[in-house]
Amino acid sequence: MSVADANEAHEAWKPKANPWLIAVAVTIATFMEVLDTTIVNVALPHIAGSLSSSADEATWALTSYLVANGIVLTISGWLGDLLGRKRYFVICIAMFTVCSFLCGAATSLSQLILFRLLQGFFGGGMQPNQQSIILDTFPMAKRGAAFGVAAMATIVAPVLGPTLGGYITDTFDWRWIFFLNVPIGIVAVLLVSALVEDPPWIKARKNRGLDFIGLGLITLGLGCLEVFLDRGVDDDWFKSSFIQLMAVLAVVGIVGSIIWLSVAKKPIVHLDVFKDRNYAVGCIMIAATGGLLYASVVMIPQMVQQHLGYNATWSGLILSPGGIFMIVLIPIVGRVMKKVAARYLVGVGFLIMGFAFLYSSRLAQTIDFETLVGMRLFQTSALAFLFVPISTVAYMTLPRERNGDGVALFSMFRNVFGSVGISLSTASVTESAQAHQNFLSQYASPFHQPFNALVSTYQNALVAAGQTAQAAHDMALGRVMQVIRTQAAILSYSDTFFYCALAAFAIAPLTLLMTSKKSVGGPGAAH
């Protein structure tokens, strides 16, 4: 078949089912998987207590998932070629559902970590397959609206995860976080099996064979990087020999895989997708979006639970209105994209995010629930301007035969830099809190009158409540020191939000590197 005939066949093909039903079907599955990246976080203390383990040991339930997920994201295009895209997608959903049930039924932490590892392995193929199916199902003119549906999974799910996880954990039991996936997974398998089909160019795609060296280097690099990022804060970063080893292996694996994949005749992942400028800049944009999204999703619940006395449910409720607001705003942005170039919307999105983080940096110990919700609404309004336009532009000029590798690497950038965002924000909060506490502690002196006045106020209240003078004085000193620690922590979150604002402002000018010009000619050119 000639190039012209092949292009005509590509243009003429249409799925038998309604494209929007297909988009909803694949998004249901992906929503379930993305939700699991954040829904477990708030349940870790309950998991640790139930399985007789420490809180530090329980975090491996998160690390194991992220390690397997990050590796498979990168090679999902190859696995789709090997097994057939639809077949691979159905296998991922079915096995993710089975592993979810096994996670809920786990009787020991070692079992839970093993099942979470398998859950991450099968879950890693779902996001790239979702985007790849949407790319092939919809023509260019409708991709923006279709990616709006996809955004419900990629952006809204991480936001709703802590809320849903907190409610389930506080009301029922942590195991239901996993059992909840079972009916959703069954429905998703049935819908995808009935509606999704592989287009002709996917069926005709040849298997690349098994690139053992590329697979080994990717597994080493991304696996060790995820462990380094997830465990670095708890193990005090480079003061730990284990973290040092993970950092060295991550660099060796990532650098080695880039070199190998650039010269291999049949690489497991084609890096030539980065020759497309729109795609390369889009990956930078989505990496920044993922990092800032996950950092902000983690920081707010962490702050209010540890320092403001919120439980898991109420800390999650701070995030929920923002998720609902995004659902309303994304279709509106999709309509605006028809009249305004996507790159300008992305630039506006990062500017809005920068100002939102500046506003969020004005934290105080007396901040109320409504103000926190308002801060989160401001942040999430920016996300509606980012994901759909970035996704649309990134694939606009990418050759169709590279869609599989393109969506795999695109998803990998978002998730890996999401982990980077979490690690950097957590490290920033820890370091900044220590600095602020050292600064404030110099005023905790009997030679500083405001300190004496505050101690006296607490002491008088305790004496009035029936405490002896000496006991009241000791307790008052303890309370004042707790106030100092809390103030230092709140200031550290303000600092970190300010750093996030600087990052958002810095990335905004890069949107000018994007172009709205579509590729012309060539086999498999995007249409």
Side-chain angles (χ1 to χ4, degrees), residues 13-37 65 68-104 115-138 146-147 149-150 152-154 157 178-208 210 268-269 400 403-408 410-412 415:
W13 180 84
K14 291 183 180 180
K16 295 176 183 178
N18 185 299
W20 294 106
L21 289 178
I22 294 174
V24 170
V26 297
T27 299
I28 288 173
T30 309
F31 187 93
M32 172 181 66
E33 187 272 326
V34 177
L35 192 71
D36 262 42
T37 61
Y65 183 92
N69 197 268
I71 294 169
V72 176
L73 275 171
T74 310
I75 62 172
S76 61
W78 170 76
L79 288 169
D81 290 350
L82 179 67
L83 301 172
R85 188 174 66 189
K86 176 182 176 178
R87 183 183 297 112
Y88 175 50
F89 195 30
V90 172
I91 289 173
C92 286
I93 301 170
M95 292 307 300
F96 183 89
T97 304
V98 171
C99 293
S100 295
F101 175 80
L102 293 174
C103 286
F115 297 143
R116 282 286 283 174
L117 190 72
L118 293 173
Q119 194 186 34
F121 178 82
F122 290 106
M126 291 164 68
Q127 290 184 56
N129 272 297
Q130 176 215 26
Q131 290 200 25
S132 183
I133 290 169
I134 286 177
L135 278 172
D136 289 335
T137 300
F138 290 86
F147 278 127
V149 176
M152 303 303 175
T154 309
F178 298 107
F179 290 147
L180 180 67
N181 290 336
V182 175
I184 299 174
I186 292 172
V187 171
V189 166
L190 295 175
L191 288 175
V192 171
S193 299
L195 298 174
V196 176
E197 57 185 300
D198 287 338
W201 55 92
I202 295 294
K203 294 178 180 178
R205 189 174 292 168
K206 295 181 180 179
N207 181 17
R208 308 174 208 174
L210 182 56
I268 196 168
V269 180
R400 176 172 267 167
N403 279 350
D405 288 330
V407 295
F410 189 79
S411 300
M412 181 274 291
N415 281 32

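Any value given below was found using the heavy atoms of this structure, including those in side chains, with hydrogens, waters and symmetry copies removed.
No donor-acceptor contact under 3.5 angstrom links the side chains of Gln127 and Asn69, judged on distance only.
Nearest heavy-atom pair, Ile93 versus Gly185, reported as atom, atom and distance to 0.1 Å: CG2-O, 3.7 Å. In terms of heavy-atom proximity, Phe178 sits nearest to Ser100 at CB-O, 3.1 Å. Here the closest heavy-atom approach between residue Cys92 and residue Gly125 is recorded as SG-CA, 4.1 Å. Taking each heavy atom of Leu73 and Gly124 in turn, the nearest pair found is CD2-O, 3.2 Å. The nearest pair of heavy atoms linking Ser132 to Arg85 is OG-NH1, 2.8 Å. When every heavy atom of Lys86 is checked against every heavy atom of Val192, the shortest pair comes out as CE-O, 3.7 Å.
Here Thr27 pairs with Gln130 under the side chain to side chain donor-acceptor pair (under 3.5 Å) rule; sequence neighbours left out. Not counting sequence neighbours, Thr137 has no partner by the side chain to side chain donor-acceptor pair (under 3.5 Å) test.
Residues Phe31 and Ile184 fail the side-chain proximity criterion, which asks for heavy atoms closer than 4.5 Å. Considering only heavy atoms from C-beta on, Val72 comes within 4.5 Å of Leu79 through its side chain. Using a 4.5 Å cut-off on side-chain heavy atoms (C-beta onward), Tyr65 and Phe115 make no contact.
The CG atom of Asp36 sits 8.0 Å away from atom SG of Cys103, with the distance rounded to the nearest 0.5 Å. To the nearest 0.5 Å, atom CG of residue Asp405 and atom CZ of residue Phe410 are 14.5 Å apart. Considering CG of Leu82 and OH of Tyr88, their distance stands at 10.0 Å, rounded to 0.5 Å. In this structure, Arg116 CZ and Leu102 CG are separated by 13.0 Å, a value rounded to the nearest 0.5 Å.
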Subject >> Residue pair Thr97, Met32: steps toward the side chain to side chain contact (heavy atoms under 4.5 Å, CB included) verdict >> reply: CA-CA 9 Å; Thr97 304; Met32 172 181 66; 4.3 Å; yes

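Screening Val196, Val189, Leu190, Leu83 for a side-chain contact (heavy atoms from CB on, under 4.5 Å) involving Val90 leaves a single residue, Val189.
The side chain to side chain donor-acceptor pair (under 3.5 Å) analysis of residues 185-197, with sequence neighbours excluded, yields no pairs.
Salt-bridge check for Arg87 with Asp198: failed, with every basic side-chain N at 4.0 Å or more from each acidic carboxylate O.
Under the 30°/60° scheme for interplanar angles, the aromatic rings of Phe101 and Phe179 are found to be tilted.
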